[in-house]
Every structure is written in C-alpha cells, then in structure tokens.
Amino acid sequence: MHITRNRPESQTGPAENFTGTVWLEEVAAPPSPSRLRMFNVHFAPGAHTAWHRHPHGQVLHVLAGEGLVQRRGGEAQTIRAGDTVWIEPDEWHWHGAAPRTFMTHLAVVEAADDGTTTHWDAHVGADEYPAADEPPVADRNPLT
C-alpha cells in the first residue's frame with residue numbers, strides 16, 4: 001500500500017489540446033504493472049478539450065459545476081456534479097465546462113502497452129460547441 005499525501009502541482013492544459021483555461025493535476029500514476037492514470041481537471045467557463053480518444057476508454061466523474069460532453073456524431077450532453085460518464089475505447093469525443101459555469105471532474109484512463117493514454121485531434125469548432133445564450137440540444141424543452 002502507498003499513500004500519497006502531497007497534493008500534485010497544477011499544470012495548465014496545453015493550448016494544442018484545450019480551448020480556454022484548463023488546469024490539470026495528475027492524482028495517480030501507480031508504477032508498473034498498473035497502467036492507471038487519474039487526473040483532476042478544472043475547466044473555466046467555456047473551456048473544453050479538443051476532439052480526442054483513449055485506447056482503453058475513459059471514465060469522467062464530475063465533482064463540481066456543470067459541463068458538456070459530446071461523442072462524434074452525437075449531440076452535446078449536459079453533465080453535472082455527481083454524474084459519471086463512461087467513454088468507450090477509441091470513441092472520439094470532447095468534454096469541458098458549460099458556457100457560463102466552471103466544471104471540475106476526475107478523469108481516469110488506462111495506458112496502452114506503449115504508454116499512450118490519449119490520441120488528440122482538431123479543436124472543437126465554434127459550430128460544435130453550444131452557444132452561451134442557449135442550452136445544449138439535449139437539454140432543450142421540445143414544448144417551447
């Protein structure tokens with residue numbers, strides 16, 4: 001058993017992989033044979049990842065705030081504190097804060113044999129990220 005008592009240093013999310021202000025803390029990266037990686041990720045309002053995928057999938061657990069997640073070909077879905085999202089292996093997706101709120105989530109991935117955890121792609125287009133003046137499609141009331 002190993003207990004880590006030091007809080008990890010926060011690192012800014014690199015601009016090539018994130019839009020807006022994002023802070024990451026690697027919470028867990030146990031030694032081999034484990035391939036687990038866990039991050040605490042803090043998104044400022046409107047901040048989000050670029051399109052990406054993970055060889056063994058990803059679990060997101062929202063700790064605070066409200067955010068969005070979208071798989072390629074699907075609609076953006078709202079996620080809130082307490083929600084857990086399972087993203088299938090090699091499923092292209094993005095996630096981040098809603099337009100007007102902060103969001104913090106834990107992100108858990110398993111590294112591939114070569115150590116790769118993420119394959120990054122293009123930034124989310126302005127036409128793909130829901131506008132700040134309207135809710136995501138999945139949250140709109142069809143009666144209004």
Side-chain angles (χ1 to χ4, degrees), residues 1-140:
M1 178 185 300
H2 179 81
I3 299 173
T4 303
R5 299 201 189 275
N6 296 6
R7 206 171 151 78
E9 284 190 29
S10 297
Q11 306 290 324
T12 57
E16 61 268 20
N17 300 334
F18 297 93
T19 297
T21 303
V22 179
W23 290 92
L24 304 107
E25 299 154 351
E26 188 173 52
V27 176
S32 189
S34 175
R35 298 188 300 183
L36 174 79
R37 302 293 178 269
M38 183 167 57
F39 299 87
N40 196 15
V41 188
H42 310 274
F43 295 89
H48 52 277
T49 69
W51 286 101
H52 63 287
R53 63 187 172 91
H54 307 279
H56 294 289
Q58 181 180 44
V59 173
L60 304 176
H61 181 73
V62 183
L63 298 173
E66 183 175 294
L68 299 166
V69 63
Q70 182 179 15
R71 73 172 104 195
R72 189 161 279 162
E75 296 179 347
Q77 302 288 317
T78 300
I79 52 177
R80 295 178 178 91
D83 290 350
T84 300
V85 181
W86 163 242
I87 298 157
E88 297 285 341
D90 290 320
E91 180 174 56
W92 288 104
H93 67 285
W94 65 266
H95 43 93
R100 294 178 299 269
T101 62
F102 287 87
M103 194 265 293
T104 298
H105 67 51
L106 290 175
V108 182
V109 294
E110 181 182 350
D113 290 337
D114 66 0
T116 302
T117 60
T118 308
H119 298 280
W120 292 98
D121 199 27
H123 281 276
V124 174
D127 59 327
E128 297 170 301
Y129 185 83
D133 59 347
E134 64 181 75
V137 173
D139 283 357
R140 291 187 194 146

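Owing to the predicted nature of the structure, the values given are computational and were not obtained by experimental measurement.
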Q. Step by step, would you call Trp51 with Glu128 a side chain to side chain contact (heavy atoms under 4.5 Å, CB included)?
A. CA-CA 11 Å; Trp51 286 101; Glu128 297 170 301; 3.3 Å; yes
Q.
Set out, in order, the CA-CA distance, both residues' side-chain angles and the distance that settles side chain to side chain donor-acceptor pair (under 3.5 Å) for His42 and His105, then state yes or no.
A. CA-CA 7 Å; His42 310 274; His105 67 51; over 6 Å; no
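Closest approach of Val41 and Ala107 over heavy atoms only: CG2-CB, 4.4 Å. Here the closest heavy-atom approach between residue Arg80 and residue Glu66 is recorded as NE-OE1, 3.1 Å. Nearest approach of Ala122 to Ala50, heavy atoms of both residues: O-CB, 3.4 Å. Across every non-hydrogen atom of Pro99 and Pro130, the tightest pair is CG-O, 3.7 Å. The two atoms that bring His56 and Trp86 nearest to each other are O-CH2, 3.6 Å, heavy atoms only. Nearest heavy atom pair, residue Trp92 against residue Arg53, reads CZ2-NE, 2.9 Å.
Interatomic distance, NE2 of His61 versus CG of Asp83, reported as 8.5 Å (0.5 Å rounding). Rounded to the nearest 0.5 angstrom, Phe43 CZ and Leu24 CG are separated by 7.0 Å.
Residues Ser10 and Glu25 have side chains that bring a donor and an acceptor to within less than 3.5 angstrom of each other.
Inter-residue side-chain proximity for Thr84 and Val59 is flagged as met; some heavy-atom pair is nearer than 4.5 Å. Side-chain contact check for Leu68 versus Trp94: some heavy-atom pair is nearer than 4.5 Å. Thr19 is not listed as a side-chain neighbour of Tyr129, based on a closest heavy-atom distance of 4.5 Å or more. Arg72 places a side-chain heavy atom less than 4.5 Å from the side chain of Asp121. The closest side-chain heavy-atom distance from Leu106 to Leu63 is below 4.5 Å. Using a 4.5 Å cut-off on side-chain heavy atoms (C-beta onward), Thr101 and Pro45 make no contact. Residues His119 and Pro55 are in side-chain contact: their nearest non-hydrogen atoms beyond the backbone lie under 4.5 Å apart. Side-chain contact between Ile79 and Val85: present, with at least one pair of heavy atoms (C-beta onward) separated by less than 4.5 Å.
Judged by distance alone, the side chain of His52 and the main-chain N or O of Thr118 form no donor-acceptor pair under 3.5 Å. His48 places a side-chain N or O within donor-acceptor distance of the main-chain N or O of Gly46, the cut-off being under 3.5 Å. Listed for the Thr49 side chain is a donor-acceptor partner under 3.5 Å among the backbone atoms of His95.
Partner Gln58 forms a side chain to side chain donor-acceptor pair (under 3.5 Å) with one of His93, Glu88, Glu91 and no other, that one being His93.
Ion pair Arg35/Asp113 flagged as a salt bridge, since at least one NZ, NE, NH1 or NH2 atom sits closer than 4.0 Å to an Asp/Glu carboxylate oxygen. Using a cutoff of 4.0 Å between basic side-chain nitrogens and carboxylate oxygens, Arg37 and Glu110 are not scored as salt-bridged.
Checked against a 6.0 Å centroid threshold, the rings of Phe39 and Trp23 do not count as neighbours.
Crowding of Glu9 atom CD: a count of heavy atoms from other residues, nucleotides or ligands under 6.0 Å not exceeding 12.
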